[in-house]
Amino acid sequence: MRIATWNVNSVTVRLPRLTAWLESTAPDVVCLQELKCSAEAFPAEPLRELGYEAVISADGRWNGVAVLSRVGLAAPVTALPDAPAYDGVREPRAVAATCGGIRVWSVYVPNGREVGHPHFEYKLEWLDALRKAAEQEAGGELPFAVLGDYNIAPTDADVWDRSRFDGATHVTEAERAALAALRETGLADVVPRPLKYDQPFTYWDYRELGFPKNRGMRIDLVYGNAPFEEAVSDAYVDREARKGKGPSDHAPVVVDIAV
DNA sequence: ATGACTCAATGTTTGAGA
């Protein structure tokens, strides 16, 4: 089975690239983030024509997540239990489903904006809610993984120049401690191989030639439990999908698993 | 070449992304 995660930065704008990528890559399950559309505007029909069912959580302008599957969608969940609200709103940042014998969550972790900003506290609280949800599922026999845009670089090697990140979000001890707590539920970081260069970056800023200069970050992660991790046969970042006209600023992470 | 930001709505500017 082939499973992928991709922050598409607007599923409506990216639809032509998404459908072409689905046809060329042929994943069985895809976790999407940053749909940036209402539930009504989600392009369910063109995806169905390619054989994919979808479970989504979306409410308009920002955020929005989905799981696409062509191997079944069972036991869908469309919100993270006990997720904190921000400005009084519970944002659509997590969905789950069981697809072909694998339990997956698609997550879009809050950005945090700046250290000390209320959004940063929100990020940490949201990650704690995710940890509690993972505790319920990570210990089972079923292959289980939380895939998505975590907005955290797990190590200093996961950013292109650590000295540029002093005082910034995405690299702090508090954020990395939240990731460590998530791993302690029984999950491991499935690190993909890069197709070029040494580091498997998954995001490059649109500005200032970020991609051509490979000024990237690894912030799109696959956290799998033992049955999942032990079945992984390959994992890579599809940087080809970041090239050309009109890409997302994130590249997909693709995992092949012997299930 | 991989090329100098992009997206959606609050819409001709703003907020967010990271």
Side-chain angles (χ1 to χ4, degrees), chain A residues 5-18 20-21 32-43 56 58-66 86-89 91-93 107-124 126-127 148-156 158-172 174-176 178-179 194-221 236-253:
Chain A
T5 182
W6 193 6
N7 177 325
V8 289
N9 186 15
S10 174
V11 72
T12 53
V13 169
R14 216 66 60 209
L15 186 61
R17 289 185 71 120
L18 174 60
W21 183 83
L32 299 176
Q33 301 87 35
E34 274 203 77
L35 300 179
K36 285 187 169 176
C37 67
S38 65
E40 297 72 31
F42 182 79
I56 76 167
D59 69 359
R61 186 165 186 184
W62 291 302
N63 313 308
V65 289
Y86 187 75
D87 271 353
V89 177
E91 299 171 319
R93 293 181 175 275
V107 300
Y108 179 44
V109 177
N111 169 287
R113 299 187 187 164
E114 294 174 21
V115 177
H117 192 285
H119 208 263
F120 190 78
E121 281 307 308
Y122 169 57
K123 181 179 194 174
L124 297 177
W126 200 93
L127 285 162
D149 180 354
Y150 282 69
N151 273 316
I152 303 170
T155 74
D156 286 350
D158 293 313
V159 295
W160 60 279
D161 181 352
R162 177 60 183 80
S163 71
R164 304 282 191 115
F165 288 82
D166 286 342
T169 60
H170 293 59
V171 298
T172 67
E175 290 163 292
R176 288 174 176 170
L179 279 187
L195 294 184
K196 188 178 179 182
Y197 306 120
D198 296 329
Q199 293 151 293
F201 296 147
T202 65
Y203 161 86
W204 300 260
D205 197 298
Y206 283 126
R207 294 166 290 190
E208 300 176 339
L209 294 171
F211 184 62
K213 292 180 177 176
N214 199 34
R215 294 179 169 181
M217 306 169 73
R218 184 172 77 94
I219 55 177
D220 298 271
L221 309 177
Y236 67 95
V237 181
D238 187 2
R239 72 188 304 282
E240 297 299 311
R242 181 62 176 78
K243 294 182 179 179
K245 182 176 171 56
S248 170
D249 43 2
H250 295 251
V253 178

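Here is how names work: the chains are called A, B, and so on, in the same order as the sequence lines, proteins then strands, and each is numbered from 1. None of these values were measured; they are calculated from a predicted model.
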Q: Compare the minimum distances between each of B/dC7, B/dT2, B/dA4 and the side chain of A/P212, then state the nucleotide with the smallest one.
A: B/dT2
Q | Distance, C1' atom - from B/dA4 to B/dA8, rounded to whole angstrom | A | 23 Å
Q) Can any side-chain N or O of A/R239 pair as donor or acceptor with the backbone N or O of A/P194 at less than 3.5 Å? A) no
Q.
Over all strands shown, is A/Y197 touching base, sugar-phosphate only, or nothing at heavy-atom distances under 4.0 angstrom?
A. base
Q) Has the side chain of A/K213 got a donor or acceptor atom sitting under 3.5 Å from an opposite partner on the base of B/dT2? A) no
Q: Compare every heavy atom of A/W204 with every heavy atom of A/G216, then report the nearest pair and how far apart it is.
A: CA-CD1, 3.4 Å
Q: Among the candidates B/dT2, B/dA18, B/dC7, find the nucleotide nearest to the side-chain atoms of A/H170.
A: B/dA18
Q.
Go through it in stages, so that I can follow the logic: the residues are A/K36 and A/W62, the test is side chain to side chain contact (heavy atoms under 4.5 Å, CB included), and I'd like the CA-CA distance, side-chain angles, deciding distance and then a yes or no.
A. CA-CA 5 Å; A/K36 285 187 169 176; A/W62 291 302; 4.2 Å; yes
(Q) Over all strands shown, is A/R14 touching base, sugar-phosphate only, or nothing at heavy-atom distances under 4.0 angstrom? (A) sugar-phosphate
Q) Heavy atoms under 4.0 Å, any strand shown: does A/T169 hit a base, just sugar-phosphate, or nothing? A) nothing
Q: Just call it for A/G244: base, sugar-phosphate, or nothing, with non-hydrogen atoms closer than 4.0 Å on any strand.
A: sugar-phosphate
Q.
Need one value for A/E240: base, sugar-phosphate or nothing, where a base atom within 4.0 Å counts as base even if backbone is also close, heavy atoms only.
A. nothing
Q | Residue A/F211, side-chain heavy atoms: nucleotide from B/dA18, B/dA8, B/dT2 that is nearest | A | B/dT2
**Q.** A/A153 to A/V159 - nearest heavy-atom pair and separation
**A.** CB-CG1, 3.6 Å
Q.
If I pick the P atom on B/dG11 and the same atom on B/dC5, what distance separates them, to the nearest angstrom?
A. 26 Å
Q: May I ask you to say whether A/K213 pairs ionically with A/D161, meaning some side-chain N is under 4.0 Å from a carboxylate O?
A: no
Q. Contact class for A/R113 vs. all strands (heavy atom < 4.0 Å): base, sugar-phosphate, or nothing?
A. sugar-phosphate
(Q) For a quick check of understanding: with a heavy-atom distance under 4.0 Å over all strands, which category does A/N63 fall into, base, sugar-phosphate or nothing? (A) nothing
Q: Please state the P separation for the pair B/dT14 and B/dT10 - nearest whole angstrom.
A: 15 Å
Q.
Applying a 4.0 Å non-hydrogen cut-off, can you work out what A/T12 is touching in the nucleic acid: base, sugar-phosphate, or nothing?
A. sugar-phosphate
Q. If the C1' atom of B/dT12 is compared with that of B/dA18, how far apart are they to the nearest Å?
A. 27 Å
Q. Across the strands shown, which category fits A/N111 at heavy-atom distances under 4.0 angstrom: base, sugar-phosphate, nothing?
A. base
